[in-house]
Structures are given as structure tokens and as C-alpha cells.
Novice: 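Here it is, the structure in full.
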Amino acid sequence: MHLEGSYIFSAPREAVWEAIMDPEVMGQALPGGEKMERTSESEYLGVMNVRVGPVQGKFQGKVELGEVNPPESCTITVSGRGAPGFISGTGAWQLEEDGDSTIMHYVGDVDVGGKIANVGQRLMESTAKSITRQGLESLDAQIQARLAPPAPAAAPEAAASETAPPPPRQAPPPPSTARIAMETTKDVASDLASDYIPAEQQKNLLFFGLGALSMWLFVLLVQSVQKR
């Protein structure tokens with residue numbers, strides 16, 4: 001499976017590089033990510049909960065960095081294994097300055113096996129692209145939170161002699177499981193529709209699919225409230 005694309009961050013290249021190299025930030029940004037920790041200068045261990053079609057489960061894996069050229073480029077080697085199967089791959093990304101923004105160019109090749117390999121190449125590629133997009137958007141939100149100035153402190157009262165310190169900046173929470181599922185379903189449906197359904201019918205089908213998914217999530221929410 002081949003992945004390739006680009007993404008524009010509204011941040012300086014150094015800030016993007018620092019965020020990518022921070023395991024705490026990446027652990028929050030990865031859709032389905034449950035843990036990310038650095039074990040050496042070039043190796044990370046992580047746990048990720050992934051769903052591809054009917055197959056879902058946790059992967060425990062290792063990410064190894066190579067040819068590190070800060071703050072510009074890096075190559076990566078990934079390997080992981082879990083109940084859904086196994087995954088291995090190599091890739092590279094490059095950060096290009098573009099005024100006050102940064103363009104990330106990424107490319108990678110991944111091999112999968114086990115249950116997850118039985119869902120079909122097209123569905124797997126669409127899911128991988130959706131997860132990649134969601135991860136980059138979440139990483140962008142994490143970077144913006146890091147760059148945002150602290151909120152101004154409240155005006156001191158007349159009798160106060162000292163100004164209260166400003167509250168710490170809060171990073172946005174990682175995307176919820178429901179949001180990841182909804183976004184992935186929307187992306188996969190749109191991607192598959194572009195191959196098999198005439199353009200004039202794609203919009204109606206997408207609205208129908210999203211409506212059905214929203215109704216399903218609403219029913220689950222009502223059931224969970226009734227059980228409390």
C-alpha cells in the first residue's frame with residue numbers, strides 16, 4: 001500500500017519539527033493512539049487502536065527514525081503487531097518553508113498481513129488516507145495550542161496586591177472514538193463513491209450515508225443514557 005501527499009501547517013517550520021519530535025504531542029495527535037513513548041534518541045514505542053471495515057483491534061509497534069535532518073526531513077521505519085494482524089513499512093517526510101506556514105510532504109509504503117489484509121485493498125487505502133488526514137489535522141491543532149499566547153489574567157481587585165498568574169495553555173483533547181469513526185466512514189464512503197458512482201449521484205449518496213450514520217450514533221447515545 002502506497003501513501004503520498006502534503007499538508008499545510010499554519011506555523012513556522014521549527015515549531016512543526018519540535019511538535020513531531022515530541023512523543024506526548026504525537027500521542028495526542030494520532031487517531032486511536034493510546035500511548036507513545038521515546039525509548040532512545042531515534043526509537044519510539046506506541047499503542048494504537050485501529051479499525052478498518054469490520055476489523056478492529058490494538059497494534060503495539062515501534063517507530064525508528066533515520067537520516068534525521070532538523071528541521072527539514074526524516075525517514076521512518078514502522079513495525080507493529082496485534083490481534084488484527086501485522087504491519088510494516090518505510091516512509092519519509094520533508095518540511096518546506098512557505099512564508100509563515102510550513103508544507104509537509106510525505107510518502108510511504110506499507111505491508112499488512114493477517115485479518116486486516118482481508119478487508120480489501122481499496123478499503124484499506126481509503127481508511128489509511130482518512131486516518132492520516134485526521135492525524136495531521138489533530139497535530140496542527142496541537143501546534144496551534146503550543147504557539148498560542150497565554151490567556152490574560154483577570155483584572156486584580158482593588159485590595160489585591162499581586163496579580164494572579166495567567167492560566168496554563170490547554171492543549172486540545174485527542175479526537176474521540178465516535179469522531180474518528182464518523183470521519184473515517186465519511187472519507188471512505190466519499191473515496192469509494194468517486195470510483196463507482198456517477199458524479200451527479202455522489203452528493204445524494206453521501207448525504208444519505210451521513211444521515212444513516214448520524215441516526216445510528218443518536219440511537220447509541222439514547223441507549224447509553226437510558227442505562228444510567
Novice: For a 4.5 angstrom cut-off between non-hydrogen side-chain atoms, does V107 reach H2?
Specialist: yes

Novice: Using a cut-off of 6.0 Å, state whether more than 12 heavy atoms not belonging to E24 lie near its atom CD.
Specialist: no

Novice: Measure the spacing between CG of L65 and CD1 of I76 and express it to the nearest 0.5 Å.
Specialist: 7.5 Å

Novice: Hey, does I143 have a side-chain heavy atom less than 4.5 Å from the side chain of V16?
Specialist: yes

Novice: V25 and L139: side-chain contact (heavy atoms from CB on, under 4.5 Å), yes or no, with the steps?
Specialist: CA-CA 7 Å; V25 173; L139 175 59; 3.8 Å; yes

Novice: When rounded to the nearest 0.5 angstrom, what distance separates CZ in R38 from CD in E43?
Specialist: 11.5 Å

Novice: Grab the two heavy atoms, one from I8 and one from S101, that are nearest each other, plus how far apart they are.
Specialist: CG2-CB, 4.1 Å

Novice: Do L136 and M36 share a hydrophobic cluster (ILVMFWY, side-chain heavy atoms under 4.5 Å, transitive)?
Specialist: yes

Novice: What I want to find out is whether E125 reaches K129 closely enough, with some N-O distance under 4.0 Å, to be called a salt bridge.
Specialist: no

Novice: After noting the C-alpha distance and the side-chain angles of F59 and I116, does the key distance pass the side-chain contact (heavy atoms from CB on, under 4.5 Å) rule?
Specialist: CA-CA 11 Å; F59 281 96; I116 197 171; 4.1 Å; yes

Novice: Can you tell me which residue pairs pass the ring pair (Phe, Tyr, Trp, His ring centres under 6.0 Å) test with a partner in residues 6-33, sequence neighbours excluded?
Specialist: Y7-F9, W17-W93

Novice: Taking the side chain as C-beta and beyond, is there a heavy-atom pair between L147 and P12 under 4.5 Å?
Specialist: yes

Novice: Identify the two heavy atoms, one from P84 and one from G57, that lie closest to each other, and give their separation to 0.1 Å.
Specialist: CG-CA, 3.5 Å

Novice: Answer yes or no: are there more than 12 heavy-atom neighbours, outside Q60 itself, under 6.0 Å from its atom CD?
Specialist: no

Novice: If I take atom CD from residue E4 and atom CG from residue D109, how far apart are they, to the nearest 0.5 angstrom?
Specialist: 9.0 Å

Novice: Using the side chain to side chain donor-acceptor pair (under 3.5 Å) criterion, which residues pair with D22? Sequence neighbours excluded.
Specialist: R146

Novice: Return the minimal non-hydrogen interatomic distance between Q144 and S10, and the atom names on each side.
Specialist: NE2-O, 2.9 Å

Novice: Work out which heavy atom in F86 is nearest to a heavy atom in G114; give both atom names and the distance.
Specialist: CE2-N, 4.2 Å

Novice: Working note: I87 + M48, criterion side-chain contact (heavy atoms from CB on, under 4.5 Å); need CA distance, chi angles, decisive distance, verdict.
Specialist: CA-CA 12 Å; I87 181 172; M48 189 173 180; over 6 Å; no

Novice: Would you name the heavy atoms of M21 and C74 that are closest together and state the gap between them?
Specialist: CE-SG, 4.5 Å

Novice: Would you say the side-chain atoms of R13 pair up with the backbone N or O of E97, donor to acceptor, closer than 3.5 Å?
Specialist: no

Novice: So if you build clusters from Ile, Leu, Val, Met, Phe, Trp, Tyr with side-chain heavy-atom gaps below 4.5 Å, do L45 and V78 land together?
Specialist: no

Novice: If you measure only the distance, is there a donor-acceptor pair under 3.5 Å linking the side chains of S138 and Q142?
Specialist: no

Novice: So with a 6.0 Å cut-off around CG of D100, is the heavy-atom count from everything else above 12?
Specialist: no

Novice: Kindly give the heavy-atom pair with the smallest separation between P23 and E37, and that separation in Å.
Specialist: CB-CA, 4.3 Å

Novice: For side-chain contact (heavy atoms from CB on, under 4.5 Å), just list the numbers for V68 and E41, CA-CA rounded to whole Å, side-chain angles, deciding distance to a tenth of an Å, and then say yes or no.
Specialist: CA-CA 11 Å; V68 180; E41 286 297 321; over 6 Å; no

Novice: Would you say the side-chain atoms of S130 pair up with the backbone N or O of S126, donor to acceptor, closer than 3.5 Å?
Specialist: no

Novice: Do any pairs count as a salt bridge (Lys or Arg N to Asp or Glu O under 4.0 Å) and have a residue in residues 57-67, sequence neighbours left out, and if so which ones?
Specialist: E34-K58

Novice: Under 4.5 Å between side-chain heavy atoms, counting indirect links through other Ile/Leu/Val/Met/Phe/Trp/Tyr residues: same cluster for V47 and M26 or not?
Specialist: no

